[in-house]
Amino acid sequence: MKSNLTPLGPKADKDTVRRSNLSLVLRAVRDEGEGEATRAGVAARVGLTRAAVSSLVEQLLETGFLTESGKTFSGQAGRPGTALKTARTGPAGLGVEVNIDYVSVCVVDLAGTGRVRLTEHLDNRGTPPDEVLARAARIAARTLDSAREQELYPVGVALALPGLVSGGAVRQAPNLGWNQVPAEELFAAALAVEHPGHPELPVRSENEANLAALAELWFGGLERIRSFLYLTGEIGVGGAVVIDGELLRGAHGFAGEIGHVVVDAQGPQCRCGSRGCLEQYAGQAALLRAAGIDGGGGGLGVAELEKRVRAGDERAVGAVAEAGRMLGRVLSGAVNLLDPDAVVLGGIYRNLMPWLSPPADEELTGRVVSGLWAPRGGRLRASSVAGDAARGAAALVMTDVLADPVAYARPAMA
């Protein structure tokens, strides 16, 4: 009888097993936090012998991935162990978020700590994509110089981009007016010009909401929550889905485009070509317009909106409440479909939560069929300040380093 089973790969040799175990130990120390890990503690956590872990730790110390200092007491019998932590120098990740009205660049170290951050507010609408990406490369080049002053050596770049991102290109970004833009190629070429004389860095790209959701998962305050919907309110409305700690990408990488779910088929024209998309009711431009605020100032308009709702301005409060209702209406369908533990709202929504969440919660409570949703039940929450796309992009680069530290050891980087 013909078998449909996928053929097994080659048997792992000693080198492959050791590389895997080095990754296991490095990730265990990183997850333990600053100065809390010991050889004995790591051995207990990863299921290897103390002798095996000691050998792996020595290699990670020699190659600059770990440092040790002082003694730490576990409260158990035996000698205190030497405290281990990830190094603050060496390999790093570079994240570049290109959004509608700003570019933000971040460098993170092995622990995922943001070490360098540069943000410039730029209106990228109507500007040719190659110019926008050249601007981003100039900011990135300055960030790389600052990183090297701290003895950090970025080993790759991840671009966080608004819109449909696949195969290194932005297939469609309605608010930027981009279609079929080879973003990775354009950025890599621009960075080579802006940062000559340095090794070429591999570039990858991802939807900015996906990367913000990963930052929330890795660095936010979700604790044990591993399945959630993430919405980010900026000029547009971006979305991402995380299930059991993994991004749900869909068949083509386009899952999560909740901003273009239709609320009213006869509603306002959307830049995507459809009508009545959620973005036309809960995006930044819609909010400012409904509140009677000139949106030409970008971030200044949002700041004015926040000021007015705090002051109890009736029109501003009503605009935010209506956006909340529309968000809750669309989110209820997503919650019924995907059954997440929580919905996280980021971007401009974070500071508007006191006025946005009650009507959104009311819609969710009335429409989620499981009966698990209750007003003020904590399932609708604001994102943490740590959950931004640039940091998520930089940390994504570091997942490769953590997965195979041998490939990024100092000799290989020289």
Side-chain angles (χ1 to χ4, degrees), residues 99 208-209 212-217 219-223 225 227-242 256 258-259 261 263 278-293 295 298-335 340-368 372-389 391-392:
N99 218 304
E208 54 90 17
L214 287 177
E216 191 68 28
L217 174 70
F219 311 117
L222 292 176
E223 298 174 349
I225 291 175
S227 297
F228 61 97
L229 303 179
Y230 182 92
L231 265 72
T232 177
E234 300 290 352
I235 299 295
V237 178
V241 183
V242 177
I258 198 167
V261 171
V263 177
L278 175 63
E279 192 170 285
Q280 297 304 307
Y281 299 91
Q284 178 178 306
L287 266 169
L288 296 181
R289 183 171 56 249
I293 298 171
L300 294 177
V302 173
E304 178 63 21
L305 176 63
E306 292 176 14
K307 178 182 175 181
R308 291 189 189 185
V309 293
R310 289 193 177 96
D313 179 89
E314 186 175 335
R315 185 172 179 180
V317 170
V320 174
E322 181 62 16
R325 276 188 284 275
M326 292 301 187
L327 281 169
R329 194 168 298 172
V330 170
L331 283 168
S332 64
V335 170
D341 288 320
V343 172
V344 181
L345 301 183
I348 65 171
Y349 299 143
R350 183 191 302 120
N351 293 339
L352 296 173
M353 285 296 282
W355 305 273
L356 192 77
S357 61
D361 241 344
E362 183 179 348
E363 288 286 333
L364 284 156
T365 300
R367 296 174 183 276
V368 172
L372 297 177
W373 205 282
R376 298 175 298 281
R379 297 184 72 183
L380 181 66
R381 55 176 66 196
S383 67
S384 73
V385 294
D388 73 275
R391 187 179 181 189

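Values below: every heavy atom of this structure, side chains too, minus hydrogens, waters and symmetry copies.
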Shortest non-hydrogen separation from [X] to [Y] and the atoms involved:
X    : Y    : answer
I225 : L217 : O-CD1, 4.3 Å
W355 : N351 : CZ3-O, 3.4 Å
F228 : A213 : CZ-O, 3.6 Å
S383 : G347 : OG-N, 4.5 Å
P359 : A321 : CG-O, 3.5 Å
L305 : A291 : CD1-CB, 3.7 Å

Under the rule for salt bridge (charged side-chain N to carboxylate O under 4.0 Å, His left out), what residues qualify as partners of [X], not counting sequence neighbours?
X    : value
R381 : none
R350 : none
R329 : E363

Going by heavy atoms in the side chains, are L231 and V237 under 4.5 Å from each other?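 Yes, side chains in contact.
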
Mind checking whether E322 and Y281 have side chains closer than 4.5 Å, heavy atoms only? no

So does E362 have more than 12 non-hydrogen atoms from other groups sitting under 6.0 Å from CD? no

For M326 and V330: C-alpha separation, side-chain torsions, deciding distance, then whether side chain to side chain contact (heavy atoms under 4.5 Å, CB included) applies. CA-CA 6 Å; M326 292 301 187; V330 170; 5.9 Å; no

N/O donor-acceptor pair under 3.5 Å between E216 side chain and S384 backbone: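 Such a contact is found between E216 side chain and S384 backbone.
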
If we ignore hydrogens and angles and just use 3.5 Å, is the side chain of Y349 paired with the main-chain N or O of A282 as donor and acceptor?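 The answer is yes, because a donor-acceptor pair under 3.5 Å joins these two groups.
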
Counterpart residues, side-chain hydrogen bond (donor to acceptor under 3.5 Å, both in side chains), relative to W373 (two or more places apart):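 W373: side-chain hydrogen bond (donor to acceptor under 3.5 Å, both in side chains) contacts with D361.
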
I'd like to check the side-chain hydrogen bond (donor to acceptor under 3.5 Å, both in side chains) partners of E279; sequence neighbours left out, ordered by chain and number. N175

Stepwise side chain to side chain contact (heavy atoms under 4.5 Å, CB included) check, L222 with V344: CA-CA 9 Å; L222 292 176; V344 181; 3.9 Å; yes

If we check side-chain contact (heavy atoms from CB on, under 4.5 Å) with L229, which of these qualifies: D341, V335, I258?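 Checked D341, V335, I258 against L229; only one passes side-chain contact (heavy atoms from CB on, under 4.5 Å): V335.
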
So how far is it from [X] [atom1] to [Y] [atom2], rounded to the nearest 0.5 Å?
X    : Y    : atom1 : atom2 : value
L345 : L327 : CG    : CG    : 6.5 Å
L288 : I235 : CG    : CD1   : 8.0 Å
L356 : R325 : CG    : CZ    : 10.5 Å

How far apart are the C-alpha atoms of I348 and L287, what are their side-chain angles, what is the distance that settles it, and do they pass the side chain to side chain contact (heavy atoms under 4.5 Å, CB included) test? CA-CA 10 Å; I348 65 171; L287 266 169; 3.9 Å; yes

Show which side-chain atoms of residues 309-317 pair as donor or acceptor with protein atoms under 3.5 Å away, not counting sequence neighbours.
from : atom 1 : to   : atom 2 : distance (Å)
D313 : OD2    : R315 : N      : 3.3
D313 : OD2    : A316 : N      : 2.8
R315 : NE     : A290 : O      : 3.0

Apply side chain to side chain contact (heavy atoms under 4.5 Å, CB included) to R379 and L372, showing your working. CA-CA 9 Å; R379 297 184 72 183; L372 297 177; 3.2 Å; yes

